Amino acid sequence: MQSIIDVRQVTKTYASGFSALKGIDLQIRRGEIFALLGPNGAGKTTLISIICGIVNPSSGNVLADGHDVVRDFRAARERIGLVPQELTTDAFETVWDTVSFSRALFGKAPNPAHIEKVLKDLSLWNKKDSKLMTLSGGMKRRVMIAKALSHEPPILFLDEPTAGVDVELRRDMWAMVRALRDTGVTIILTTHYIDEAEEMADRIGVINKGELILVEGKAELMEKLGRKQLILQLQAPLQAIPAALAGYPLALSDDGQQLTYTFDAQGENTGIDTLLRRLGEAGIDFKDLQTRQSSLEDIFVSLVEDRA
Amino acid sequence: MRFNWNGMGAIYRFEMARTRRTLLQSIVSPVISTTLYFVVFGAAMGSHMGGIDGVSYGAYIVPGLIMLSLLTQSISNASFGIYFPKFTGTIYEILSAPVSYLEILGGYVGAAASKSVLLGLIILVTARLFVDFDVAHPIWMVAFLILTSVTFSLFGFIIGIWADGFEKLQLVPLLVVTPLTFLGGSFYSIHILPPLWQKISLFNPVVYLISGFRWSFYGVSDVSVEISMGMTLLFLAACLVGVWWIFRTGYRLKA
């Protein structure tokens with residue numbers, strides 16, 4: 001599939017000598033939702049800022065829909081909408097004026113019908129004449145999105161879009177992002193909320209200390225790196241794992257009431273059947289059992305910790 | 001898109017709208033404070049003072065006082081215009097938009113200069129209510145008005161980029177520009193100074209601006225109008241070089 005964003009060997013070293021990005025290669029597919037995960041200071045915002053023209057790369061190049069973001073900056077930036085992490089708004093402007101300003105800034109002729117549609121889609125229509133300083137944080141976040149969509153960009157960057165918003169608004173945002181994707185907009189989001197990426201992303205990139213550790217489809221990532229656990233609640237507590245079961249990756253809880261068996265869900269043989277047979281032979285009875293699959297959060301934490 | 005007229009126009013209109021919102025501070029306040037000078041030095045004290053170069057004292061100070069407002073307001077408008085988005089963080093939108101540096105400059109400096117020209121004309125009309133004067137060379141007068149507004153708006157833009165706090169924003173206008181304007185012949189001809197101070201005054205760029213502007217009113221000047229115009233253009237060129245360097249390096253705009 002053709003890339004709509006093509007990042008080639010991008011590095012960024014600040015004047016202080018801090019190396020924020022170390023040779024990033026990344027291709028974003030047209031029409032996908034791509035989540036960029038990483039701990040604080042990993043380089044997520046620097047990478048987005050370089051693509052959007054706010055920060056100069058030290059080396060490498062970026063193409064947005066085939067246009068170099070430095071040499072052909074007009075064509076590249078016309079195609080990009082950016083919702084930054086911080087709620088930065090002109091407090092004394094009205095919603096209508098600030099969204100119209102953004103459209104004109106991006107070189108588009110006035111189109112009140114489009115602005116009206118964007119405001120209605122984001123439930124801002126009844127606030128169109130309100131000054132930004134009178135709006136709640138959640139509403140301001142919507143205004144930032146409306147500004148980014150005002151010039152009808154095919155690429156939308158959302159830098160921590162749901163940071164500091166309540167659960168209901170987060171759900172609304174997720175629905176809005178999906179609706180945008182359905183109209184053909186490519187969405188790249190950074191987030192600290194792993195469940196957000198798990199809920200929405202088609203593909204996931206993990207960045208840490210300026211390096212892109214991994215880029216995978218969400219489903220493949222879960223399959224490849226996801227582990228399953230079988231948790232057995234025992235009838236009687238054990239003092240220790242019996243020697244007959246020493247070959248199994250088992251963990252006994254401190255109170256001896258729970259036995260956890262970790263296995264590869266994608267493996268040819270999970271080993272569950274023989275484990276249960278051995279438990280019976282050893283006279284260990286259980287009253288309940290359950291399985292648990294590792295979440296994206298577990299995968300993310302293990303990836304970042306491995307590289308620490 | 002060859003030239004982003006819509007983008008430049010958006011910045012220009014945004015800045016002009018800010019003037020409308022802050023009419024008292026942007027227009028009314030400088031007009032009133034300058035008018036007080038006309039009332040005190042022109043109408044009240046001026047009638048008891050002798051003229052300079054054949055011009056009554058009240059009329060003599062009109063060009064200098066207009067220039068005083070023009071310089072301070074051009075710097076103030078342009079520096080605040082670019083500093084405030086940096087302060088609030090909304091500069092991200094300007095930097096990520098398909099606007100070239102020339103268009104950014106056209107929007108911010110164009111608006112600041114427009115406000116200053118408007119202010120200068122309002123003060124000119126207001127002064128006429130208190131002091132009797134004529135404008136001998138109106139085209140030169142308008143030329144100096146526009147050129148000075150643009151030049152000092154560019155200077156203000158540089159200050160706005162350089163400033164990393166509100167104190168620095170006020171530093172140059174208060175501690176450099178206002179003293180230079182007061183010592184640049186706003187209220188007197190530098191010919192009345194002792195010879196040494198006359199020579200020292202010639203290092204003050206504001207002397208040339210006021211002298212040239214006064215010449216356009218009364219045909220009298222401390223230095224020739226050609227030199228005044230030349231020095232104004234030289235300062236304009238210096239500001240353009242400064243702005244070019246800022247944009248080329250991304251100084252305090254882009255990391």
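Values below: all heavy atoms of this structure, side chains included; hydrogens, waters and symmetry mates excluded. Quick caveat: nothing in here was measured; it's all calculated off a predicted structure.
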Would one find more than 12 heavy atoms of other residues, nucleotides or ligands at under 6.0 Å from atom [atom1] of [X]?
X         : atom1 : answer
Lys120(A) : NZ    : yes
Ile139(B) : CD1   : no
Phe187(B) : CZ    : yes

For residues [X] and [Y], report the shortest heavy-atom separation together with the two atoms involved.
X         : Y        : answer
Phe3(B)   : Arg74(A) : CA-NH2, 4.3 Å
Phe106(A) : Pro98(B) : CD2-CD, 3.2 Å
Leu105(A) : Asn4(B)  : O-ND2, 3.1 Å
Ala97(B)  : Arg77(A) : O-NH1, 2.9 Å

Tabulate, in ascending numerical order, the residues of [range] having at least one heavy atom closer than 4.5 Å to a heavy atom of chain B, or enter 'none'.
range                       : answer
residues 53-71 of chain A   : Gly53(A), Ile54(A), Val55(A), Asn56(A)
residues 135-160 of chain A : Met144(A), Lys147(A)
residues 7-17 of chain A    : Lys12(A), Tyr14(A)
residues 83-94 of chain A   : Pro84(A), Thr88(A), Thr89(A), Asp90(A), Phe92(A), Glu93(A)

message: With heavy-atom distances below 4.5 Å as the criterion, would you say the side chains of Phe73(A) and Ser100(B) are in contact?
response: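 Phe73(A) vs Ser100(B): side chains touch.
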Side chain, backbone, both or neither of [X] within contact of chain A (heavy atoms, under 4.5 Å):
X        : value
Arg13(B) : side chain
Ile91(B) : neither
Tyr92(B) : both

message: Using a 4.5 angstrom heavy-atom cutoff, name the option from Gly9(B), Ala17(B), Pro85(B), Ser96(B) with the most pairs to chain A.
response: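 It is Ser96(B).
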query: Does Asn6(B) use its side chain to pair, donor to acceptor, with the backbone of Gly107(A) at less than 3.5 Å?
result: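 Between the backbone of Gly107(A) and the side chain of Asn6(B) there is a qualifying donor-acceptor contact (under 3.5 Å).
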